[in-house]
Amino acid sequence: MSATITEVPAQARKQQLLALCRPFLAEVKSMTPGSAVERWLNKEYGPGSLFYDEVADLVRRGVLQENWAADVEIDGPRYRRARLVPPSEETFWFSITSVYMDSTGNPQNRPDGSYRGDFHGHPYGEFNMVIPVDDGAALAGPNGWCHAGWTAPAPGSRHYPEAKGGAVIALFFLPAGRIHYPEKESQSC
């Protein structure tokens, strides 16, 4: 079966993303996510760095204009995600996934106006690049709200992803592609 017209650009963009991320993954492959690594990521790879700015621009286009990133609806168009790159030797056994969350209109009636996604756990932690779409949009991380930059939940961490202040994209890098969605919050991950 031949590829559709939209699959070809999507695959090309995913390869472009992989090319941008591979040197980054080579550098972080032996690091353990946590607060110290989060601080390091924000210093070395935060907004204003060539890596952050190029990847953020590519992923924003993929989500907002080209529909190849975060294109699978979880809760309608306001909460979408997609695994862009599976773990492989080429990615040092990381997967790359994009998530789009939009808290606009506060559909869950949360007191702080945030939007809450699916509860999940990180057996090996995660490196999470936060890309705001709207000015003032933020994603909750283990060290508070992140408006742009990085969060790095530690191995064994569990949480509801939460966005506030509008729309935000999370591009997360999972060691061994490991993420766990338990049926109930009280279950162990």
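Everything quoted here is computed from the prediction, not taken from an experiment. Positions are given from 1, in the same order as the sequence printed here. In what follows, every heavy atom counts, from backbone to side chain, and hydrogens, waters and symmetry copies are set aside.
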Checklist entry - Any idea which heavy atoms bring L41 and A152 closest together, and the distance? => result CD1-CB, 4.4 Å

Checklist entry - Heavy atoms, side chains only, cut-off 4.5 Å: are R39 and S35 in contact? => result yes

Checklist entry - Would a hydrophobic clustering, with Ile, Leu, Val, Met, Phe, Trp and Tyr connected at side-chain separations under 4.5 Å, put W93 with Y124? => result no

Item to check | Straight-line distance of E126 CD to S95 OG, nearest 0.5 Å | outcome: 9.5 Å

Checklist entry - Side chains of R61 and R13: does their closest heavy-atom pair fall under 4.5 Å? => result yes

Checklist entry - Which heavy atom of P153 sits nearest a heavy atom of P33, and at what distance? => result O-CB, 3.2 Å

Checklist entry - Quick one: CG on N128 to CH2 on W150, what's the gap to the nearest 0.5 Å? => result 8.0 Å

Item to check | Aromatic ring pairing F127/F24, orientation class (parallel under 30°, perpendicular over 60°, tilted between) | outcome: perpendicular

Checklist entry - Would you say the side-chain atoms of R78 pair up with the backbone N or O of G105, donor to acceptor, closer than 3.5 Å? => result no

Checklist entry - Shortest non-hydrogen contact from A148 to N42? => result O-OD1, 4.4 Å

Next on the checklist: Rounded to the nearest 0.5 Å, what separates atom CG in L64 from atom CD1 in I169?
Outcome noted: 5.0 Å

Checklist entry - Would a 4.5 Å heavy-atom cut-off, applied to side chains only, mark T104 and Y115 as touching? => result no

Next on the checklist: Apply side-chain contact (heavy atoms from CB on, under 4.5 Å) to residues R81 and V72 and explain how you reach the verdict.
Outcome noted: CA-CA 5 Å; R81 70 175 164 249; V72 178; 5.6 Å; no

Checklist entry - Would you say T91 and L18 make side-chain contact, with heavy atoms under 4.5 Å? => result yes

Checklist entry - Any side-chain heavy-atom pair from E162 and R110 closer than 4.5 angstrom? => result yes

Checklist entry - In this structure, which one of H122, H120, H159 forms a ring-ring contact (aromatic ring centres under 6.0 Å, His included) with Y181? => result H120

Checklist entry - Quick one: which of L174, V55, L17, V59 gives a side chain to side chain contact (heavy atoms under 4.5 Å, CB included) with I96? => result L17

Item to check | Closest non-hydrogen atom pair, G46 against Y52 | outcome: O-CB, 3.2 Å

Next on the checklist: I need the Q108 CD to S114 OG distance, nearest 0.5 Å.
Outcome noted: 7.0 Å

Item to check | The single option from T97, D71, L171 passing side chain to side chain contact (heavy atoms under 4.5 Å, CB included) against L84 | outcome: L171

Checklist entry - Taking side chain as C-beta onward, heavy atoms only, is L139 less than 4.5 Å from V99? => result no

Checklist entry - Minimum heavy-atom separation for D134 to G165, with atom names? => result CB-O, 4.1 Å

Checklist entry - Is the closest side-chain heavy-atom distance between R80 and P77 below 4.5 Å? => result yes

Item to check | Atom pair CD1 (I131) and OG (S98), whose distance is rounded to the nearest 0.5 Å | outcome: 9.0 Å

Checklist entry - Parallel, tilted or perpendicular: which fits the ring planes of F51 and Y45, with parallel below 30° and perpendicular above 60°? => result perpendicular

Checklist entry - What is the minimum heavy-atom distance between M101 and G117, and which atoms define it? => result CE-N, 3.5 Å

Checklist entry - Judged by atom type as modelled, is there a donor-acceptor pair below 3.5 Å linking the side chain of R158 to the main-chain atoms of F119? => result no

Checklist entry - Do V130 and W145 belong to the same hydrophobic cluster, where Ile, Leu, Val, Met, Phe, Trp and Tyr are linked whenever their side-chain heavy atoms lie under 4.5 Å apart, directly or via other members? => result no

Checklist entry - Distance from S49 atom OG to E54 atom CD, nearest 0.5 Å? => result 9.0 Å

